[in-house]
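First comes the structure, then the notes that go with it.
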Amino acid sequence: MTVVATIPSRTIRGCSTEHYECSTYEVTQNPVSGTVIQDTTTVTITVTDEYGNSAQCTFDVNTDDNTDPVINTCVGNKEVILDASCNYTLPDYTSDAALSITECSTYEVTQSPAPGTVIQDYHNGDDHRNR
């Protein structure tokens, strides 16, 4: 995913140009105010007078994602069955269907302990009094 932002109006300021114009002129912006962008975008300001003379300046609008991802739904608690050696190998829960994440940028999901980690039960019995 990418960062999304809305271009503000920069038709009044945003370029340092001095106007020595005695005629009327029009200031335009491309892309126009309100345009939704998803990455660095170059904005062009154009001033055109009534005689068709024009001048331009440009500047970049950079998008920065400074919002933490949101985990809407986490993987639920699991009840697992140990093997004959009292071990359980953790699967990869990072792509579990229950996991729901909201994020506008590219993201990576990791888990700890890592998938493939073997959990060993060293109890001399369990909560069910099995030995």
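Nothing fancy with the numbering, it's 1 onward along the sequence.
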Look at the side chain of Glu108 and the backbone N and O of Thr110, then say whether any donor-acceptor pair between them is shorter than 3.5 Å.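 Not confirmed, Glu108 side chain does not pair with Thr110 backbone.
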Would a 4.5 Å heavy-atom cut-off, applied to side chains only, mark [X] and [Y] as touching?
{"X": "Gln111", "Y": "Asp92", "value": "yes"}
{"X": "Val61", "Y": "Ile37", "value": "yes"}
{"X": "Tyr107", "Y": "Cys104", "value": "no"}

Using every non-hydrogen atom in the two residues, find where [X] and [Y] come nearest and quote the distance to one decimal.
{"X": "Leu99", "Y": "Tyr93", "value": "CD2-O, 4.3 Å"}
{"X": "Thr67", "Y": "Glu103", "value": "O-OE1, 3.7 Å"}
{"X": "Asn72", "Y": "Ile101", "value": "ND2-C, 3.6 Å"}

Per the salt bridge (Lys or Arg N to Asp or Glu O under 4.0 Å) rule, what does the pair list look like for residues 67-88, sequence neighbours excluded?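 Qualifying pairs: Lys78-Asp96.
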Hey, could you give me the OG1/CD1 distance between Thr28 and Ile45, rounded to the nearest 0.5 Å?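 Rounded to the nearest 0.5 Å, the OG1-CD1 separation comes to 7.5 Å.
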By side-chain hydrogen bond (donor to acceptor under 3.5 Å, both in side chains), which residues pair with Asn62, not counting sequence neighbours?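 Once residues adjacent in sequence are excluded, the partners of Asn62 under the side-chain hydrogen bond (donor to acceptor under 3.5 Å, both in side chains) criterion are Thr40.
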Determine the sole option in Asn30, Val43, Thr44 for which the side-chain contact (heavy atoms from CB on, under 4.5 Å) test with Thr58 is passed.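 Exactly one pass, corresponding to Thr44.
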For a quick check under 3.5 Å, do [X] and [Y] share a side-chain donor-acceptor pair by atom type?
{"X": "Thr42", "Y": "Asp60", "result": "yes"}
{"X": "Gln56", "Y": "Thr46", "result": "yes"}
{"X": "Ser85", "Y": "Asn87", "result": "no"}

Check the hydrophobic clustering (I, L, V, M, F, W, Y; side-chain heavy atoms under 4.5 Å; chains of links allowed) and say if Leu90 and Val75 are grouped together.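 In one cluster: yes.
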Over 12 non-hydrogen atoms of neighbours within 6.0 angstrom of CD1 in Ile71: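 At most 12 heavy atoms, drawn from other residues, nucleotides or ligands, come within 6.0 Å of this atom.
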